[in-house]
Colleague: 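Supplied in structure tokens, the structure appears directly below.
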Amino acid sequence: MTTIAEQGEHRYVLNMGPQHPSTHGVLRVILEMEGEYVMDPQPVLGYGHRMHEKMAESRPWPNFLPNAARMDYLSALIYNHGYVGVVERLAGIEATPRAEYIRVITSELNRLQSHLLWLGVLVLDLGAFTPIMYTFEDREKILDILEDVTGSRLTYCYMRVGGVVRDIDDKFVEGTREFIKWQRSRMPMYDKLVTGNIIFRKRIEQIGEFSPDLARRYGLTGPVLRGTGIPYDIRRAEPYSVYPEFDFEIPTETTGDCMAAYLVRVREIEQSLRILEQALDKLPDGPAMAKVPKKLKLPAGDACYAVESPRGELVYHLTGDGSDTPYRMKIRVPSFSNLSLLPELCRGMLLSDLCACMGSLDLVIPEIDR
Amino acid sequence: MESKDSVIAAFKQVPIKVQEVDFAQRGYHLEIMLEPGQLRDFAQLLRTGNFYLSFISGLHLATGIDVSYQFANYAFPCRLLAHVSVDADNSLPTIADIFHGANWHERETKDFYGVIFRDHPNLKPLLLAEDMEDLKPLLKKEPALKDRAAITRVEKIAEDKPAPAVKKEEA
């Protein structure tokens, strides 16, 4: 491939985005092309930059709760979870056991809908329109379940320090159990329709060489990392909330291509269903909200809270100074590090394969831009 | 390095100031205070020890800007947070050639705090627009705030170099 690069006669620059269907948001990638080959892809960020970290510093901590949902719109509840987690850790507050279970249940439902959307749009990026219609049918069921209890369908603001804002009811539990059955019955169809599809496989097998070393150099996390054979999942590596109480696997693959990332994510759907099942069975009684002082001040000092988002490791690093306004809050988002390896990963690749790679990384741009 | 203890032992050999902290309270295992001159050796050590870079962030204190580096390990639970105070000319050596992912994290820190990373391959604005280079949005503008913040870390920094400019808040 270097031979093509060295010729350099027919180089041209192609501008992909900021409005392009397969960049999934306002991401621009400047592509230096040599025919159909991408010689140098350079992402340009910041089109959706809102400076959430500054907003966190300029208002009392409870007022940041809605912001937490507006970074990664596909895993708002998991961002909720991380934010209330870091405040609880710094302030030394514990949520009630029931609330922790509800947090896990809603987080896993959120993860499922994120994976279902990803499954649809990855295949859509590769030119197959039908599967997204099926995955959206499943996803709608999750959104309906979550809407009943949280009040919203996308930008949830459901968790509070000490618990959750509203307890779940029998309707929620029944609806989730029904959904688990429904989703299990759908997976064989996706296997036939997508996983086993020869055109799809040719498009993503042996595309993208993710390796453990590349992952370490760039801080890659999430399903793409697990596709290289490293079983690293924050839910298992640094267990938070009540995850240690559930029996679930960390799916891994060894090939490190886009297909591996695909297979890991599809198998994670089953694992999330398993967690949901166990959490519903074990769900303890009691209040869904602990007693928390009305005016809670953040003590001086700092704390981190890492959670596993559908895209990888999400870390909140909160520094308090004794007032109710955070002195500093750093938010480490998974897609930021995951996208940063694109220039190295996609050098010398066909343009259509670059779309497959970006689809496998499952990028959410507002999360990167923050 | 195959466990947290071997990491601590490796740091002590250099020597790097390392302190174990309670994970349940802080969310990470090791807190490290670095001199700017140690930064690259420290990164090299972590690179051979199979760590990955989680993030780089800043903190504006009365003593100056404190840049923190968080690393974690895929193989065993060991999350560490290293603090470095910037040099007098507001700069630090880059680690983007050791951990390639640091490239973007350093550009972000430059955007928000104006910290210059020496020998960085491409220190252009990343998240901010090109004409916003002087904005440095995360620098604390009000002096009162800056003083109050000093309470969070000043005790630890004071161990090495007492900072006369810092006023501690009356308890």
Side-chain angles (χ1 to χ4, degrees), chain A residues 42-46 49 51 53-54 57 85-86 89-90 92 212-221 225 230-232 234 237-240 300-306 313 315-323 325 327-333 336-341 343-344 368-370, chain B residues 21 23-29 31 46-47 50-61 66 68 70-79 81 98-105 107-108 111-112 122 125-130 132 135 137-138 140 145-146 148-153 169 171:
Chain A
Q42 288 298 341
V44 181
L45 309 182
H49 179 55
M51 201 72 219
E53 291 175 15
K54 183 74 185 173
E57 286 178 10
V86 77
R89 187 168 272 171
L90 186 63
D213 187 60
L214 181 84
R216 283 195 195 97
R217 278 188 286 120
Y218 283 95
L220 180 69
T221 47
L225 170 72
I230 298 177
Y232 184 72
I234 306 285
E238 290 171 14
Y240 57 97
D302 69 322
C304 284
Y305 200 88
E313 174 198 65
V315 186
Y316 283 92
H317 180 215
L318 178 63
T319 306
D321 62 355
S323 73
T325 307
Y327 186 70
R328 166 80 172 113
M329 191 163 72
K330 165 73 189 172
I331 305 153
R332 188 265 190 209
V333 292
F336 185 88
S337 296
N338 292 3
L339 177 66
S340 71
L341 53 72
E344 181 173 332
I368 300 174
D369 287 344
R370 281 166 289 147
Chain B
V21 295
F23 183 83
Q25 275 178 19
R26 304 289 287 278
Y28 52 91
H29 301 95
E31 188 171 30
L46 292 177
R47 178 79 184 94
N50 289 336
F51 276 78
Y52 73 90
L53 174 70
S54 178
F55 65 77
I56 299 176
S57 150
L59 190 68
H60 191 188
L61 299 172
D66 182 274
S68 44
Q70 185 164 99
F71 292 88
N73 200 305
Y74 295 138
F76 54 90
C78 183
R79 187 172 288 276
L81 193 66
I98 304 167
F99 285 92
H100 294 157
N103 188 323
W104 282 16
H105 289 286
R107 279 172 73 185
E108 185 192 298
D111 276 3
F112 293 171
N122 175 27
L126 179 72
L127 291 173
L128 298 186
E130 306 221 325
M132 289 183 180
L135 196 62
L138 287 185
K140 299 282 179 188
L145 259 177
K146 205 171 136 181
R148 199 171 56 195
I151 57 168
T152 62
R153 280 244 184 74
E169 197 185 47

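Letters go in sequence order (proteins before strands), and every chain restarts at 1.
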Colleague: Rounded to the nearest 0.5 Å, how far does CG of Leu45(A) lie from CZ of Arg107(B)?
Modeller: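 Output value for this atom pair is 7.5 Å.
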Colleague: Do the rings of Phe336(A) and His105(B) sit parallel, tilted or perpendicular, given the 30° and 60° boundaries?
Modeller: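 Aromatic pair Phe336(A)/His105(B) classed tilted.
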Colleague: Quick check: closest heavy atoms across Arg89(A) and Arg26(B), and the distance to 0.1 Å?
Modeller: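 Heavy-atom minimum between the residues: CD-C, 4.0 Å.
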Colleague: Any idea which heavy atoms bring Tyr52(B) and Gly219(A) closest together, and the distance?
Modeller: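 For Tyr52(B) versus Gly219(A), the nearest heavy atoms are CD1-CA, 3.7 Å.
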Colleague: Which one wins on heavy-atom pair count under 4.5 Å against chain A: Leu127(B), Val21(B), Ile56(B)?
Modeller: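 Top option by heavy-atom pairs under 4.5 Å: Leu127(B).
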Colleague: Report yes or no: does Arg332(A) contribute a side-chain atom to a donor-acceptor pair with the main-chain N or O of Ser54(B) at less than 3.5 Å?
Modeller: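 Side chain of Arg332(A) to backbone of Ser54(B): a pair is present.
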Colleague: Distance check, rounded to the nearest 0.5 Å: Phe112(B) atom CZ versus Arg328(A) atom CZ?
Modeller: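 Output value for this atom pair is 7.5 Å.
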Colleague: Non-hydrogen atoms of chain B under 4.5 Å away: do they reach the side chain of Ile331(A), the backbone, both or neither?
Modeller: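 Neither part.
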Colleague: One pair to check against side chain to side chain contact (heavy atoms under 4.5 Å, CB included): Met132(B) and His49(A). What are the steps and the verdict?
Modeller: CA-CA 13 Å; Met132(B) 289 183 180; His49(A) 179 55; over 6 Å; no
Colleague: Which value, rounded to the nearest 0.5 Å, describes the distance between Leu341(A) atom CG and His100(B) atom NE2?
Modeller: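 Leu341(A) CG to His100(B) NE2: 12.0 Å, rounded to 0.5 Å.
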Colleague: Identify the heavy atoms of Cys304(A) and Gln70(B) that sit nearest to each other, and give their distance.
Modeller: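 Between these two residues, the closest heavy atoms are SG-NE2, 3.2 Å.
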Colleague: Tell me, side chain or backbone of Leu126(B) under 4.5 Å from chain A's heavy atoms, or both, or neither?
Modeller: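 Leu126(B) touches chain A through backbone and side-chain heavy atoms alike.
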Colleague: Report which part of Phe23(B) has an atom under 4.5 Å of a heavy atom belonging to chain A: side chain, backbone, both, or neither.
Modeller: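 For Phe23(B), heavy atoms of backbone and side chain both lie under 4.5 Å from chain A.
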Colleague: What are the two closest non-hydrogen atoms of Ser340(A) and Gly101(B), and how far apart are they?
Modeller: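 Shortest heavy-atom separation between Ser340(A) and Gly101(B) comes out as OG-CA, 4.3 Å.
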Colleague: With a 4.5 angstrom heavy-atom cut-off, could you sort out which part of Ala75(B) is near chain A: side chain, backbone, both or neither?
Modeller: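 When you check distances to chain A, no heavy atom of Ala75(B) falls under 4.5 Å.
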Colleague: So which atom in Arg79(B) and which in Ala306(A) form the shortest heavy-atom distance, rounded to 0.1 Å?
Modeller: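 It is NH2-CB, 3.9 Å.
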Colleague: Taking every non-hydrogen pair under 4.5 Å, which of Ala215(A), Pro231(A), Ser337(A) racks up the most with chain B?
Modeller: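 The candidate making the most pairs under 4.5 Å is Ala215(A).
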Colleague: If you take all heavy atoms of Arg217(A) and Ile98(B), which pair is closest and at what distance?
Modeller: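 Result for this residue pair: CG-O, 4.4 Å.
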Colleague: From Glu344(A) CD over to Asn103(B) CG, what is the distance, rounded to the nearest 0.5 angstrom?
Modeller: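 The CD atom of Glu344(A) sits 11.5 Å away from the CG atom of Asn103(B).
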Colleague: Is there a donor-acceptor contact under 3.5 Å from the side chain of Tyr74(B) to the main chain of Leu225(A)?
Modeller: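 Here the side-chain-to-backbone pair does not exist.
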Colleague: Between Phe71(B), Phe55(B), Trp104(B), which has the largest tally of heavy atom pairs under 4.5 Å with chain A?
Modeller: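 Looking at each of Phe71(B), Phe55(B), Trp104(B) in turn, Trp104(B) comes out on top.
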Colleague: Going from CG on Asp302(A) to CG on Leu59(B), what distance comes out if it is rounded to the nearest 0.5 angstrom?
Modeller: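 The distance works out to 8.5 Å.
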Colleague: Measuring from Leu53(B):CG to Leu220(A):CG, what's the distance to the nearest 0.5 Å?
Modeller: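 Going from the CG atom of Leu53(B) to the CG atom of Leu220(A) covers 12.5 Å.
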Colleague: Count the heavy-atom pairs under 4.5 Å between each of Ile368(A), Leu339(A), Val333(A) and chain B, then report the option with the highest count.
Modeller: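 So the answer, after comparing Ile368(A), Leu339(A), Val333(A), is Leu339(A).
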Colleague: Please flag which part of Asn73(B) lies under 4.5 Å from any non-hydrogen atom of chain A: side chain, backbone, both or neither.
Modeller: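 Answer is backbone: N, CA, C or O of Asn73(B) sit under 4.5 Å from chain A.
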Colleague: Quick check: does any side chain N or O of Tyr327(A) sit under 3.5 Å from a backbone N or O of His60(B), one acting as donor and the other as acceptor?
Modeller: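 Here the side-chain-to-backbone pair exists.
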